[in-house]
Amino acid sequence: MAFSSSFRRLFAGANSLSSSPSSCVRHCSTLTSPRLFVSGLSRLTTNEKLQDAFASFGELVDARVITDRETGRSKGFGFVTYATIEDAEKAKKGMNAKFLDGWVIFVDPARPREPRRPQQETPQSYSGSGYTTNKTIGWCK
DNA sequence: GTTGAGCGTT
């Protein structure tokens, strides 16, 4: 059978074509911070509601709805902080585009707030020989 | 009562 050889070549070509140099994207959507930004909240949603809605995904360290100081009402978004990043990831995937108080809420990784003044210790852990220990977060299973 | 796409307080 002379067909098998041409088939083999076609398959080999297709296989080599499937390798793209810019396709270095890993299926790893791990967050870099256990802090989540929740938007789309109802103006009636309060901290307890937010906490109650997100508590079932992991250990919730903090959950607060941002309220305007002048009016005392919710600004329509809030922040939730989990004990671990995995829980935050689970909550993000589990609560994103879901309903809360009749509104569709969106969960996204919170942006790192501006560098605060030198009050908190700077854990610049050195390895001993002048090299910084890179404690990169990103457990990819 | 207030219907918006928005990243905050010690």
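Excluded from the calculations below are hydrogen atoms, water molecules and symmetry mates; all remaining heavy atoms, backbone and side chain alike, are included. Just so it is clear: chains get the letters A, B, ... in the order the sequence lines come, proteins before strands, and each one is counted from 1.
- Rounded to whole Å, atom C1' of dC7(B) lies 14 Å from atom CG of Leu50(A).
- In this structure, Glu86(A) does not pair ionically with Lys90(A), as no charged nitrogen and carboxylate oxygen lie closer than 4.0 Å.
- Put simply, CG on Asp108(A) is 12 Å from P on dG6(B), counting in whole angstrom units.
- Note: NZ (Lys92(A)) to C1' (dC7(B)) measures 16 Å, nearest angstrom.
- Nearest nucleotide to the side chain of Lys75(A), out of dA5(B), dC7(B), dT9(B): dT9(B).
- Atom pair Ile66(A):CD1 and dG4(B):C1' shows a separation of 16 Å (rounding to whole Å applied).
- Residue Phe79(A) and nucleotide dG8(B) are classified as a stacked aromatic pair, their ring centres being separated by less than 5.5 Å at an interplanar angle below 30°.
- Closest to the Phe77(A) side chain, of the nucleotides dT9(B), dA5(B), dC7(B), is dC7(B).
- As rounded to whole Å, 9 Å separates atom P of dT9(B) from atom CG of Asp68(A).
- Its glycosidic angle being more than 90° from 0, dG4(B) falls on the anti side.
- Toward the 5' end of DNA chain B, the nearer of the two residues Thr67(A) and Gly76(A), judged by each one's closest nucleotide, is Gly76(A).
- In this structure, CZ of Arg43(A) is placed 13 Å from P of dG6(B), rounded to the nearest angstrom.
- In this structure, the CD1 atom of Ile105(A) is 18 Å from the P atom of dA5(B), given to the nearest Å.
- Asp101(A) is not listed as a side-chain neighbour of Leu41(A), based on a closest heavy-atom distance of 4.5 Å or more.
- Side chains of Leu50(A) and Phe79(A) form no contact here, defined as non-hydrogen atoms less than 4.5 Å apart.
- As rounded to whole Å, 12 Å separates atom P of dT9(B) from atom CG of Asn47(A).
- Looking at Phe57(A) and Val80(A), their side chains never come closer than 4.5 Å, going by heavy atoms from C-beta outward.
- Within the 4.0 angstrom heavy-atom criterion, base atoms lie near Leu41(A).
- In this structure, of dT2(B), dG6(B), dA5(B), it is dT2(B) that holds the atom nearest to the side chain of Arg73(A).
- In this structure, Arg69(A) reaches the dT10(B) phosphate: one of its side-chain N or O atoms is under 4.0 Å from OP1 or OP2.
- In terms of polar N and O atoms assigned as donor or acceptor, the side chain of Arg111(A) never comes within less than 3.5 Å of the base of dG8(B) in a complementary pairing.
- Among residues two or more places apart in sequence or in another chain, the salt bridge (charged side-chain N to carboxylate O under 4.0 Å, His left out) test is passed with Lys92(A) by none.
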